[in-house]
Structure formats: structure tokens, C-alpha cells
Amino acid sequence: MIEHQHVRRCAVLMIEPRERLTLDLAGLLSGNDALASETSIVALAPHLGVEVEIDADESAALMRFGETPWLPLAKVAERAPIEVVERLLAKGLLIGDGDAHATLRERDAAIRDAHWRPLSAVSHYFSRWRDSGLDEDARFTRHRPIASLVDECGLPPPHLTERTPREQRRKLPALRESTLDELFSRRVTCRNFDTTVALAEADFSDVLNRVLGCLAVVEVMPGVIGLKKSYPSGGGLHPLEPYVLVQRVDGVETGLYHYHACNHELEPLSTMTAAEAARFAKVMVAGQTFFAEAPVHIVLAARFERTFWKYRNHPKAYRAIVLEAGHVSQNLYLAATELRLGAYVTAAINEIDIEQALGLDPLHQSPILVCGFGARASRCEMFEFDPLGKVWAGE
Ligand SMILES: Cc1cc2nc3c(=O)[nH]c(=O)nc-3n(C[C@H](O)[C@H](O)[C@H](O)COP(=O)(O)O)c2cc1C
């Protein structure tokens with residue numbers, strides 16, 4: 001029997017009808033459709049962290065409970081059969097106020113208190129990976145020749161759209177040269193890092209400072225600190241926390257750090273052997289060994305509640321955080337390029353493994369992307385896109 005006095009639905013829940021296709025041999029042999037489709041119902045509730053399959057009765061019952069008012073036990077049976085309610089409580093999709101649900105209630109409260117937009121929360125929490133790409137070397141498995149892609153998918157959509165005939169277009173003045181042009185032309189995603197040299201501490205420090213450091217710290221009013229950085233931030237709230245995996249930097253111990261942006265300091269989280277760091281680098285970038293070899297990696301983890309403090313339940317707030325991470329990685333490319341170093345960015349990351357290694361509760365902080373930088377190798381063995389020949393002239 002239910003051990004709670006009151007019940008309500010968890011704060012964020014989306015229900016997805018999920019199709020599973022199977023080969024229908026009987027259908028195939030009788031000349032009918034060879035594909036059979038089965039549909040299951042999947043409940044996506046971020047506070048649980050995992051997908052939960054439910055049946056039609058459970059799905060229907062969930063529609064009859066609100067997420068705000070607590071419903072007294074006496075009224076619960078009016079909404080749904082009690083055995084269905086029991087199953088939903090056991091699955092954590094309904095929340096009770098008894099001791100048995102203390103942990104689930106806390107996790108549900110974390111989602112409520114962060115003021116997530118439900119669609120954004122589901123999108124973030126159910127696109128995180130664990131253990132992806134670890135049993136392969138993406139150098140060989142992931143880089144398909146374009147011709148094979150075209151074979152399978154046909155030609156891609158055109159490289160741009162044209163909205164007017166040529167004669168109606170207004171020609172704009174030729175580019176006036178600037179030092180930025182030279183920098184931009186040398187920005188090439190690096191997939192060939194030199195694994196034999198360590199990064200000079202001064203280069204490491206300058207790039208972190210320039211890209212992630214604070215240019216000014218302003219007390220806007222008591223208890224409200226505004227940060228000025230080299231990249232723009234939605235609402236000026238700077239929700240991205242930088243974590244650094246140092247593999248090879250002169251004088252800096254190998255391991256995981258948090259970068260203290262105001263003081264330009266490294267906060268040690270755990271030291272690692274070179275082999276442990278190499279293994280974890282590969283985990284972070286989901287088996288992309290050519291990125292894992294960079295001497296320094298930066299995880300940008302979002303403190304969602306910082307942005308959602310202002311933009312509550314806001315349809316654009318999560319997008320703003322993701323965009324912001326892109327600004328940081330572009331600045332990292334440019335700062336590294338200026339020092340003749342290579343840089344990379346990837347969204348193909350094992351967020352869940354990273355959260356565990358960094359001791360992050362994903363309901364409060366969770367990775368958005370990983371980027372890294374360091375000296376380039378002397379030879380280009382893995383493909384890079386350098387049509388101007390600025391980095392690999394003659395290769
Ligand atoms: C958000 C984002 C994610 C990316 N993820 C990967 C990745 O997982 N693996 C990879 O090899 N390149 C990745 N790249 C790099 C692109 O492949 C690269 O930018 C593109 O090929 C153009 O080359 P360029 O950066 O040298 O101009 C990513 C780029 C962006 C912006």
C-alpha cells in the first residue's frame with residue numbers, strides 16, 4: 001500500500017512513442033512488407049537520468065496528475081487505479097512525500113529549483129553519452145571518404161542558398177586587410193598533435209587567461225558580481241565553468257583541474273599518471289584519439305541554474321548557453337593559432353563519464369563541449385581542412 005500522504009507528478013516529463021523496426025521474415029517471404037514496426041512508450045524524466053519504459057495504463061495515469069499541487073492520498077484513487085499509481089511511484093515518475101522518496105524528491109526538487117524549460121531539460125539530459133567510442137580508434141573507424149558518404153546518402157544539400165538572380169545582387173567592397181585575416185586563415189581544426197613535446201607553461205597560461213580569464217570583476221550590488229570576459233554571455237551571467245585536463249605541460253602536474261577564472265589559478269581536483277590521463281582524454285572525446293593526444297583539454301560545464309536564475313522556464317535560455325560555449329571554443333582556436341599552436345573542439349563527448357570524473361552532479365553542472373590545444377605534429381597524418389595551405393603547405 002502507498003506509504004505517502006501526498007503524491008504529485010515529477011516536475012519535468014515528456015512521453016515519447018518510440019518505434020522499433022524489426023525484420024519481418026514472414027512478410028518478406030510472402031512478398032509483403034519486410035519491416036515490422038513496434039511502438040513502445042518511453043518516459044523521459046531528467047531527474048531520473050535514465051529512460052523508463054511505461055505501459056498505456058501508466059501513460060494515461062500520468063496525464064491525470066499535475067506537477068505542482070500535492071494530491072492527498074484519499075483523492076489519488078479518483079485519478080488512477082492504485083496499482084498503477086504504485087508502479088509509477090516505484091519508477092519515480094510520481095513523487096510521494098514519504099521517507100521512501102526522499103532522494104527522488106531531492107532530485108526532482110533540483111530540476112524544479114533550476115527553472116528548466118522542460119523541452120530543453122529533456123534535450124540536454126537525454127543526449128548525454130556514457131562509454132561511447134571507447135572500443136574503437138576513430139582515426140580509422142569514424143573518418144569516411146566523402147565518396148562513400150555520397151554513395152550512401154546521395155549529394156548533400158547545396159553549399160549555400162541563392163535568393164535572387166546574379167544581376168540583382170549588390171557587389172560589396174573588397175576586403176581591407178587586417179591582422180585578423182591572417183589569423184583566421186591559419187585557423188584549422190587540428191587532428192595531428194605532437195605527442196612528444198610538452199606545452200610551455202607560459203603558452204598554457206596565456207591561452208587560459210586570454211580565453212577564459214576575467215578582464216574585470218564588478219560588484220554590481222551587494223551579492224551580485226558581474227564578470228567581464230573576452231566572450232559574450234547570455235544575460236552577462238557566465239554560466240560556463242572551465243575544467244582542465246593537463247596531459248603534458250612543463251612544470252604542471254598531470255591531472256584534472258578547475259580553472260578559477262577570477263584569480264587565474266588552477267584548482268587541483270585529481271592527479272593522474274600519463275597513462276591514466278591518456279585513457280581519460282580518450283573517454284572525454286568519445287574515442288577520437290587524434291583529439292585525445294592534445295596536451296591540454298578544456299571541458300566547458302554549464303551551471304544551468306546561474307542562467308535560469310534570470311531566464312526562468314525560458315525557451316531560449318539553454319540555446320544561449322550552448323551558443324556561448326561556441327564563442328569560447330572559437331576564441332580558443334584564435335588564441336592558440338596566434339601562438340602557432342593547434343586547437344580542436346568537439347561535441348562528441350561522454351558527458352556522464354566526465355561528470356563522474358569531475359565530481360559534478362549533472363542536475364547542477366554538466367558538460368556542453370570539450371576543446372583542447374597544443375603543438376602540432378610535424379606531419380599531417382590525419383585529415384585536416386587546410387585548402388589555403390596555411391598550416392600544411394606542401395603536404
Ligand atoms: C560544435 C563542433 C563540433 C565538432 N566536432 C567534431 C568532432 O567530433 N570531430 C572532428 O573531427 N571534428 C569536429 N569538429 C570540427 C569540424 O569538423 C571542423 O570545424 C570542420 O571540418 C571544418 O574544418 P576547420 O575547422 O579546419 O575549418 C567540430 C566543430 C564544431 C563547430
Side-chain angles (χ1 to χ4, degrees), residues 123-124 127-150 153 156-157 159-160 180-193 195 207 211 231-232 240 242 245 280-294 296-302 318-354 366-377 379-393 395:
S123 162
H124 179 77
S127 58
R128 285 147 67 243
W129 286 352
R130 183 205 303 267
D131 289 345
S132 174
L134 299 192
D135 47 4
E136 55 180 310
D137 184 339
R139 215 183 300 259
F140 307 107
T141 52
R142 230 92 44 89
H143 274 264
R144 295 175 65 182
I146 295 288
S148 106
L149 205 56
V150 170
C153 309
H159 60 290
L160 52 68
L180 267 186
D181 302 329
E182 206 265 329
L183 194 59
F184 286 151
S185 71
R186 287 195 288 111
R187 186 211 57 80
V188 174
T189 295
C190 179
R191 297 190 186 84
N192 297 275
F193 287 98
T195 56
V207 171
V211 176
Y231 59 92
L240 296 175
L245 172 65
F280 185 59
K282 187 177 170 192
V283 170
M284 288 208 303
V285 296
Q288 300 186 80
T289 33
F290 42 87
F291 286 161
E293 286 169 349
V296 175
H297 305 271
I298 299 167
V299 175
L300 296 178
Y318 177 68
R319 193 192 296 191
I321 294 175
V322 174
L323 288 169
E324 188 171 324
H327 290 291
V328 178
S329 63
Q330 170 72 355
N331 279 1
L332 178 84
Y333 269 75
L334 296 180
T337 303
E338 189 188 27
L339 296 177
R340 305 264 159 195
L341 301 169
Y344 79 86
V345 62
T346 179
I349 61 175
N350 280 309
E351 291 89 343
I352 298 174
D353 303 276
I354 296 172
S366 182
I368 302 294
L369 62 73
V370 174
C371 46
F373 65 102
R376 288 176 173 282
R379 297 225 41 203
C380 181
E381 272 162 14
M382 185 70 199
F383 175 76
E384 293 188 15
F385 190 47
D386 180 29
L388 303 173
K390 290 284 184 174
V391 177
W392 297 109
E395 282 272 332

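Counting from 1, the numbers follow the sequence of the chain as shown. Predicted model, so just to flag it, every value in this text is computed and none were measured. Counting convention: from 1, in listed order, for ligands and their atoms alike.
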Checklist entry - Do any pairs count as a side-chain hydrogen bond (donor to acceptor under 3.5 Å, both in side chains) and have a residue in residues 367-377, sequence neighbours left out, and if so which ones? => result Arg376-Glu384

Checklist entry - Is any heavy atom of the protein nearer than 4.0 Å to atom 10 (C) of ligand 1? => result yes

Next on the checklist: Looking at every heavy atom in both Gln288 and Thr346, which two are closest together, and how far apart are they?
Outcome noted: NE2-OG1, 3.2 Å

Next on the checklist: Using a 4.0 Å cutoff against the non-hydrogen atoms of Phe290, which atoms of ligand 1 qualify?
Outcome noted: 11 (O)

Next on the checklist: Can you classify the ring geometry of Tyr344 versus Phe193 as parallel (below 30°), tilted (30 to 60°) or perpendicular (above 60°)?
Outcome noted: perpendicular

Checklist entry - Can you tell which part of Tyr344 has a heavy atom less than 4.0 Å from ligand 1: side chain, backbone, both or neither? => result neither

Checklist outcome for this item: Counting from 1 in the order shown, the ligand 1 atoms closer than 4.0 Å to a non-hydrogen atom of Phe291 are 7 (C), 9 (N), 10 (C), 11 (O), 12 (N)

Next on the checklist: If you compare all heavy atoms of Ser329 against all heavy atoms of Gly326, which two are closest, and at what distance to 0.1 Å?
Outcome noted: OG-O, 3.0 Å

Item to check | Minimum side-chain heavy-atom gap Leu334-Phe184 below 4.5 Å | outcome: yes

Checklist entry - Going by the atom numbers of ligand 1, which of them fall below 4.0 Å from some non-hydrogen atom of Ala348? => result 8 (O)

Item to check | Val345, Val285, Val391: member with heavy atom nearest to atom 13 (C) of ligand 1 | outcome: Val345

Next on the checklist: Give the atom numbers and elements of ligand 1 that come within less than 4.0 Å of a heavy atom of Phe385.
Outcome noted: 23 (O), 26 (O)

Checklist entry - For ligand 1, which atoms have a heavy atom of Val188 less than 4.0 angstrom away? => result 26 (O)

Checklist entry - Among Arg187, Gln288, Glu384, which one has a heavy atom closest to atom 7 (C) of ligand 1? => result Gln288

Checklist entry - Which heavy atom in Val345 sits nearest to a heavy atom in Phe291, and how many Å separate them? => result O-CE1, 4.0 Å

Checklist entry - More than 12 heavy atoms of other residues, nucleotides or ligands under 6.0 Å from CZ of Arg144: is that the case? => result yes

Checklist entry - If you take all heavy atoms of Ala286 and Asn350, which pair is closest and at what distance? => result CA-ND2, 3.6 Å

Checklist outcome for this item: Atoms of ligand 1 under 4.0 Å from any heavy atom of Ala347, numbered from 1 in the order shown, are 3 (C), 5 (N)

Next on the checklist: What protein heavy atom lies closest to atom 17 (O) of ligand 1? Include the residue and the distance to one decimal.
Outcome noted: Arg191 NH2, 3.1 Å

Checklist outcome for this item: The protein heavy atom nearest to atom 25 (O) of ligand 1 is Thr189 OG1, 2.5 Å

Checklist entry - Would you say atom 20 (C) of ligand 1 touches the protein, meaning some protein heavy atom is under 4.0 Å from it? => result no

Checklist entry - What protein heavy atom sits nearest atom 8 (O) of ligand 1, and how far away is it? => result Thr346 OG1, 2.7 Å

Checklist entry - Is the number of heavy atoms from other residues, nucleotides or ligands within 6.0 Å of CG (Leu180) greater than 12? => result yes

